[in-house]
Number of protein chains: 2
Amino acid sequence: MVTVRTAPARGRPRRAESTDAILDAALAVLAERGYRAMTLDDVAARARASKPTMYRRWPTKVAIVAAAILHGLDRANPLAAHVRPASRDDAPAARLLRIVENVRSALVSTPLGGAIRAVISEVAHEPILADALRVVERSRRPILAGAVRALQEAGAFDARRDPDTVVDLLLGAIYFRVLVRQERPGPPFSREVVAVLLGDAVPR
Amino acid sequence: MVTVRTAPARGRPRRAESTDAILDAALAVLAERGYRAMTLDDVAARARASKPTMYRRWPTKVAIVAAAILHGLDRANPLAAHVRPASRDDAPAARLLRIVENVRSALVSTPLGGAIRAVISEVAHEPILADALRVVERSRRPILAGAVRALQEAGAFDARRDPDTVVDLLLGAIYFRVLVRQERPGPPFSREVVAVLLGDAVPR
DNA sequence: CAATTACGAAACGCACAAGTATCGTAAATG
DNA sequence: CATTTACGATACTTGTGCGTTTCGTAATTG
């Protein structure tokens, strides 16, 4: 989380809990109703805050949504542990599978995932959202690409292939299933996706 | 195209060119401005038609957008030939590559592709759009899955893998690059994507 | 205690876009 | 020629939601 040093602090300080509550509410409403149907009155009500409190923190609706997504990302990193973090000690194949599965479960069944699905079309015309989505994307990519590279070094996967493209295939399959085919695949789908690349050498 | 038999026809008939012009305009505006910012006045102006003319044909904005997408699909099938149609006579690998490339170029640089990118987030809350997107998806899937199956039968690809999942990887990679990574990959990307599955045995 | 800033509640201004209505005219049928 | 329906142009109605303002109160500093 990037915190900006603020002025010396006069008068009554802002409630930090409100900030969190607003971003959580925004994420939830976004996932439930989509970007278009999400109103700031909804968010305010859900956060038990007032609109002026929101506008004191962010200037526009898109800014709030972008902040909510980054907030969701901050929140997801520690929480991803509930599935089980992919550790350096795993066998490369198991490690890859675990990361893919984390991404799947995040996209399918977390507020951040719902929010991403809701804003993905807006991104083309809202630079602020585009930046936020890029941050999310880039937070996962190196981990995944690293796992692919480890497999290549271990001789388990063709070393001539570009790891970034391989990541596109893996994550793309999940996004495609959810966004285009409009389904909510479960954990077995992650296994099958990884198996397409590694054959039946997918553990656990 | 599904045409519904209409009433015996009294009075002045509707201009079929207007219908086409409206759907073309809708597709273009959709791709340019996105669903939210697209106004029906824009569409009417671009189609050189009036709003009543539009509302005589479809009842709501979403209905127009859904019709435009299906119209774009009708229009794309013959036009996909401009790239070069994948024929039954191709070698399986070449055939697969050609279909993937067709999908890539359609998504990246065709009005239908732009429209799909624009509506993909709305789909979750607009059943009419969800149906339209499903029609598009299902129009391509069997062709792709068939090409995968041919490769499996030819022994060029692991026969134990589910062809539908393989299709998700292929198309997903393209959609992911465009929607999430916000890039516009060119033809080489199609080759690299297919190469991830088939190795360097990708022809042409 | 004075000054400053935050808070919730409520109301408001305002722009914008979907969908409708009106009107004079055009194209079809019988 | 009478009837019916479509057309473009234009104006209109109506709802909605962003962003602002006001107000009485609370929390902080000096």
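Computed over heavy atoms, backbone and side chain alike; hydrogens, waters and symmetry mates excluded. Here is how names work: the chains are called A, B, and so on, in the same order as the sequence lines, proteins then strands, and each is numbered from 1.
Between B:Ile116 and the options B:Thr110, B:Leu133, B:Val123, B:Leu73, a side chain to side chain contact (heavy atoms under 4.5 Å, CB included) holds for only B:Leu133.
One finds a salt bridge joining B:Arg141 and B:Asp168 here, because a Lys/Arg side-chain nitrogen approaches an Asp/Glu carboxylate oxygen to under 4.0 Å. A salt bridge is absent between B:Arg15 and B:Asp20: the closest approach of a Lys/Arg side-chain nitrogen to an acidic carboxylate oxygen does not fall below 4.0 angstrom.
Within 4.0 Å (heavy atoms only), B:Met54 reaches no atom of the nucleic acid at all. Counting any heavy atom pair closer than 4.0 Å across all strands shown, B:Arg57 reaches sugar-phosphate atoms only and no base atom. Among the protein residues, A:Arg56 comes within range of the nucleic acid bases, having at least one heavy atom under 4.0 Å from a base atom.
An OP1 or OP2 oxygen of D:dG8 is reached within less than 4.0 angstrom by a side-chain nitrogen or oxygen of B:Thr53.
Atoms CD1 (B:Ile22) and P (D:dA6) sit 13 Å apart, rounded to a whole Å. As rounded to whole Å, 13 Å separates atom P of D:dT16 from atom CZ of A:Arg33. Regarding A:Tyr55, its OH atom lies at a distance of 17 Å from the P atom of D:dT22, rounded to whole Å. As a whole-Å value, the separation of B:Glu17 CD from D:dC7 P is 10 Å.
A 4.5 Å side-chain heavy-atom check between A:Val167 and B:Phe176 finds every atom pair outside the cut-off. Using a 4.5 Å heavy-atom threshold, the side chains of A:Arg75 and A:Asp24 count as touching.
Of the possible donor and acceptor atoms, one in the side chain of A:Arg191 sits under 3.5 Å from a partner among the backbone N and O of A:Val202. No donor-acceptor pair under 3.5 Å is formed between the side chain of A:Arg33 and the backbone N or O of A:Met38. At distances below 3.5 Å, not a single donor-acceptor pair connects side-chain atoms of B:Arg104 with backbone N or O atoms of B:Ile174. B:Glu183 contributes no side-chain N or O that, together with a main-chain N or O of B:Val178, makes up a donor-acceptor pair within less than 3.5 Å.
Two residues, B:Ala37 and A:Ser18, neighbour DNA chain C, and the one matched to the more 5' nucleotide by heavy-atom proximity is A:Ser18.
We find the CZ-CD distance between B:Arg177 and B:Gln182 to be 12.5 Å, quoted to the nearest 0.5 Å. We find the CG-CD distance between B:Asp162 and A:Glu192 to be 5.5 Å, quoted to the nearest 0.5 Å.
Applying a 4.0 Å cut-off to non-hydrogen atoms, the residues of residues 39-51 of chain A that approach DNA chain C are A:Arg48, A:Ala49, A:Ser50, listed by residue number.
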Shorter than 3.5 Å, N or O on both sides, protein versus nucleotides 25-30 of chain D: list them out with atom names.
unit_1: D:dA26; atom_1: N3; unit_2: A:Arg12; atom_2: NH1; d: 3.1

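Here chain B contacts DNA chain C (any atom closer than 4.0 Å to a heavy atom, that is under 4.0 Å), and the contacts span C:dA17 to C:dA28 from 5' to 3'.
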